[in-house]
Participant: 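Below are the structure tokens for one structure; questions will follow.
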Protein chains: 2
Amino acid sequence: MSAELIRDAALIHFAKDGYEGASLSKIAKDVGIKKPSIYAHYKGKDELFIAVVKYVLDTEKRRMFSYFLSQKENPLENRLKGFFTWMAEENRENEHAKFLLRISYFPPSKLNREVMDFVNPFFHQMQRLLARVLKNQLTNDSNRSDDFMDEALAYITIVDGSVIELMFNGEEYFLKRFSATWPIFWRGLLTTGKGADEK
Amino acid sequence: MSAELIRDAALIHFAKDGYEGASLSKIAKDVGIKKPSIYAHYKGKDELFIAVVKYVLDTEKRRMFSYFLSQKENPLENRLKGFFTWMAEENRENEHAKFLLRISYFPPSKLNREVMDFVNPFFHQMQRLLARVLKNQLTNDSNRSDDFMDEALAYITIVDGSVIELMFNGEEYFLKRFSATWPIFWRGLLTTGKGADEK
DNA sequence: GTCTATAGTTGGATAGAC
DNA sequence: GTCTATCCAACTATAGAC
């Protein structure tokens, strides 16, 4: 029980203040216990941090996958566009996305390698999922050798560029970036030649 | 003299470890002085940090503007593409870009507002500069009412999405994102209707 | 302007009672 | 598992000699 409460409180503090800025005393205070009690559940700050990393990656992976798979009946453009608003909602509701971004881009120097060994496979998996979706929707010939990994990466790039604004300046500016970028991206995607046979 | 040396050393530490993670002792050590000597030049850590923010924004603004203005003879696509490699070089050579990104996306909570009051006008100015360049190059009719602010914002979005990967996983992956995204973006930009009369 | 010395606080972490 | 008490290291910041 307590272990999960500590983890959830730590998540918020790490997202807000980073690894160095977060303090175990404040985390304990949020949970309603004293600092030393944390050590009954985690060996120290590092182990707590890594536990949060694992937890966030795991739940976010599930949520993202289930979003994309729940949208199978939707046409591709709506599905891809919907992901932006889904991200905005995710970000409004919970601190997971914020934590994920912060530790992805600026992990604590001394835990850099360990963190990246968790984070990199996560993003790679996302890219492969997207590539599969794009391939299924943009071409009728499933035997074509295109893997659509470039298109998936481009999509991730504009998502990242928009999401960064979401953290930075909030939802209003995030949606501005999205509205400005999406029409250009979508037109460019459909004229790749690859997308020529899209219905 | 010393004030500038302290500022430059602080820049590197803030970029690497963030506001909370950086320590005045280590900064002083890099300069070759003792910690209390810093207080002869800056009131404290906050003032030093804000001084670095101002300095970085000022010099980066100059550098970015002069890059774009030095490229007037280059065709638009090369100029826009060249900005990506320019960013990669900037990032390789100096810590300014890294600092700028870090404090833009994750400023110290207690200085958030003050930092943003410096950072936001900076990015807005970049957007207007880009919009002007795009308008001049993509249309022959300078009286058209299009302000090309959306197109500029879309460009900034893909730059951000790529640059984030530059910090995250280094130049190799940055260039992957760029190569994947650029052709789609460029094709989309030229088929906006707005760009129809581009030479 | 730079130093030594030190105050004052907070950080992570441990020992041991209950 | 949670607490009190405590340790030790690190931090920002200040006082005062030179």
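Protein chains get the first letters and strands the later ones, always in sequence-line order, with residue 1 at the start of each.
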Participant: Would you confirm whether the ring centroid of B/F83 sits within less than 6.0 angstrom of the ring centroid of B/F68?
Facilitator: yes
Participant: Sequence neighbours excluded, which residues qualify as ring pair (Phe, Tyr, Trp, His ring centres under 6.0 Å) partners of B/H41?
Facilitator: none
Participant: Any carboxylate oxygen within less than 4.0 angstrom of a Lys/Arg side-chain nitrogen, looking at B/D30 and B/K26?
Facilitator: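 Not counted as a salt bridge, because no side-chain N and carboxylate O are separated by less than 4.0 Å.
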Participant: Rounded to the nearest Å, what distance is computed from the OH atom of residue A/Y42 to the C1' atom of nucleotide D/dG1?
Facilitator: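 Value for this atom pair: 14 Å.
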Participant: I need the CZ-C1' distance between B/F14 and D/dC11, as an integer number of Å.
Facilitator: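 In whole Å, D/dC11 C1' and B/F14 CZ are 13 Å from each other.
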Participant: What's the spacing between A/L134 CG and A/D150 CG if we round to 0.5 Å?
Facilitator: 11.0 Å
Participant: Send over the distance from B/D17 CG to D/dC11 C1', rounded to a whole Å.
Facilitator: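 Atom CG in B/D17 sits about 14 Å away from atom C1' in D/dC11.
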Participant: Between D/dA10 atom C1' and A/K110 atom NZ, what is the distance in whole Å?
Facilitator: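 Taking NZ of A/K110 and C1' of D/dA10, I get 13 Å after rounding.
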Participant: Across nucleotides 11-18 of chain C, 5' to 3', mark each nucleotide with B, S or - according to how protein heavy atoms within less than 4.0 Å reach it.
Facilitator: SBBB----
Participant: Starting at OG of A/S104, measure out to CE of A/M116 and round the result to the nearest 0.5 Å.
Facilitator: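 Taking OG in A/S104 and CE in A/M116, the distance rounds to 6.0 Å.
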Participant: Counting only heavy atoms not in A/Y173 (residues, nucleotides, ligands), do more than 12 fall under 6.0 Å from its OH?
Facilitator: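 Count not over threshold, so no.
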Participant: Figure out the CD1/P separation between B/I27 and D/dC11, and round it to whole Å.
Facilitator: 10 Å
